[in-house]
Amino acid sequence: MSTEALHRLVVNGDVCGSGLLGRRAKLRMREAMYEVFEAGFTAAGIAEGACHIEDRGDGVLVALAPDVPSAQLVGPWLEGVYQKLRLVNEGRLEPLRMRVAMHAGSVAQDAKGLAGRAVDLACRLCDSATARDVMQLADRAPLLFVVSDALYHDVVAEGGACIEPEHYRRARVSEKETDVEAWFHVPRLPFPPLPAQTSHETPPSPAVPARGRPRATGVRAAQDPPPEQGGGAGHGGTVPPPASGPAGEGAAAGAAPAPASYGSKYRIQHVGGDQQNFRGNTINTNGGFVGINKAAAPAPARTPAPEPPADDAPHTGPAPEGGDR
């Protein structure tokens with residue numbers, strides 16, 4: 001037998017919770033496990049001679065022939081495995097649940113079995129703490145499917161028959177010498193329930209600083225100097241909540257004004273509407289108080305109109321020529 005390494009797809013499957021089973025229950029489990037794998041090969045149209053199978057007690061290690069398309073395994077084979085699991089679990093008090101992982105790479109084979117980094121990675125993805133946590137979170141799911149990052153981008157992301165790349169999610173896997181990213185998929189779930197500490201799909205925090213939030217058209221933040229150290233409603237650049245009453249309410253006489261450094265300023269280029277029309281003004285926010293400082297506008301020059309002379313005013317100038325004296 002040649003021990004030359006060939007590029008092959010490696011599949012590792014493992015039954016969850018098999019260590020809790022008794023001898024008879026474990027034999028039934030192994031029988032069902034092989035039925036599930038064989039149903040997948042039949043659904044994918046893969047001949048018996050196209051794969052090498054090694055028994056792992058409560059699991060199976062498979063290496064496909066180099067000419068078997070990987071898309072047949074991540075598509076029709078996976079669907080066949082899932083459907084057979086559903087049939088096997090009908091009426092069972094303890095449903096059969098499995099973790100399955102895949103990776104493609106150089107694989108050597110000798111008289112004793114398979115060897116290579118591709119084999120190591122497929123086994124560690126399947127048996128990782130991340131995969132076990134996902135199955136614990138998805139406690140009603142019969143199957144978890146894990147693929148390496150390379151296999152996801154090369155095969156899964158391209159789509160195809162029975163392949164749903166939009167339902168995969170990425171997470172970190174750290175096992176022994178392995179520290180990689182992998183993609184997780186639970187058939188019939190839109191998203192696998194990933195452990196929070198490993199997920200790379202964490203949504204952004206809603207507590208976004210004010211200057212990082214989108215702003216209305218026509219409003220830009222004024223660049224204030226860094227505030228002095230200390231606390232306050234506007235400290236750190238976040239926008240304080242708006243006042244509950246009309247502008248100016250709460251600014252009663254004798255109330256101590258909030259420090260100017262705690263306020264946030266916005267210059268309004270133009271805000272118009274039915275009830276307001278502001279141009280070139282500045283809004284100051286300090287705590288819960290919001291006020292508008294009007295921009296000073298020069299008053300237009302006014303020329304007083306001349307007053308007409310009164311009719312009964314005495315005449316002091318010279319008399320016109322030819323007039324009466």
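If you're wondering where the values come from, they're calculated on a predicted model, not measured in any experiment.
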Between [X] and [Y], is there a donor-acceptor pair closer than 3.5 Å when you use the side chain of the first and the backbone of the second?
X	Y	value
R169	E166	yes
E181	V173	no
R30	G57	yes
Q72	G45	no

Could you report the tightest heavy-atom contact between [X] and [Y], atom names first, then the distance?
X	Y	answer
P76	C162	N-CB, 4.0 Å
V88	A32	CG1-CB, 3.7 Å
K26	G19	NZ-CA, 4.5 Å
I163	A71	CD1-O, 4.0 Å
A101	A122	CB-O, 3.4 Å
A39	G80	CB-O, 4.3 Å

In plain terms, say whether [X] and [Y] are close enough for a salt bridge, that is, a side-chain N and a carboxylate O under 4.0 Å apart.
X	Y	answer
D179	R172	yes
K84	E38	no
D120	K176	no

Grouping I, L, V, M, F, W and Y whenever their side-chain heavy atoms are under 4.5 Å apart, do [X] and [Y] come out in a common cluster?
X	Y	result
F191	V147	no
L137	M135	no
L87	V15	no

How long is the gap from [atom1] on [X] to [atom2] on [Y], to the nearest 0.5 Å?
X	Y	atom1	atom2	result
S70	D154	OG	CG	8.5 Å
I46	W77	CD1	CH2	8.5 Å
L61	N12	CG	CG	5.5 Å
R124	S148	CZ	OG	14.5 Å
D14	L144	CG	CG	11.0 Å
H185	L78	NE2	CG	6.0 Å

Within the 4.5 Å heavy-atom criterion, are [X] and [Y] side-chain neighbours or not?
X	Y	result
V107	L6	no
L121	V119	no
V68	L9	no
L143	V186	no
F41	E48	no
T42	F37	no
D58	M29	yes

Any chance you could lay out the side-chain contact (heavy atoms from CB on, under 4.5 Å) test for V10 and L64, step after step, and finish with the verdict? CA-CA 7 Å; V10 181; L64 281 299; over 6 Å; no
Near-ring test W183/Y168, centroid separation under 6.0 angstrom: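 No, too far apart.
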Pair F184 and F145, ring centroids less than 6.0 Å apart: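 No: the rings miss the under 6.0 Å criterion.
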Out of the candidates H103, H52, Q109, only one should pair with R8 under the side chain to side chain donor-acceptor pair (under 3.5 Å) rule; please name it.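 The side chain to side chain donor-acceptor pair (under 3.5 Å) with R8 is passed solely by Q109 among H103, H52, Q109.
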For E54 and L114, what are the C-alpha separation, side-chain angles and deciding distance, and is it a side-chain contact (heavy atoms from CB on, under 4.5 Å)? CA-CA 9 Å; E54 292 184 11; L114 304 171; 3.4 Å; yes
Under 6.0 Å from the CD atom of Q136, do we count more than 12 heavy atoms belonging to anything else shown?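 12 or below, so no.
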Heavy-atom count check: over 12 atoms from other residues, nucleotides or ligands less than 6.0 Å from R86 CZ?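 Not more than 12 within 6.0 Å, no.
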Do any side-chain atoms of residues 89-96 form donor-acceptor pairs under 3.5 angstrom with protein atoms, and if so which ones, sequence neighbours left out?
{"residue": "N89", "atom": "OD1", "partner": "L96", "partner atom": "N", "Å": "2.5"}
{"residue": "N89", "atom": "ND2", "partner": "L85", "partner atom": "O", "Å": "3.1"}
{"residue": "N89", "atom": "ND2", "partner": "L96", "partner atom": "O", "Å": "3.0"}
{"residue": "R92", "atom": "NE", "partner": "E94", "partner atom": "O", "Å": "3.4"}

Apply side-chain contact (heavy atoms from CB on, under 4.5 Å) to residues R99 and C16 and explain how you reach the verdict. CA-CA 7 Å; R99 302 185 306 272; C16 301; 3.5 Å; yes
Run the numbers on M102 and V146 for side-chain contact (heavy atoms from CB on, under 4.5 Å), then give the verdict. CA-CA 6 Å; M102 287 188 191; V146 189; over 6 Å; no
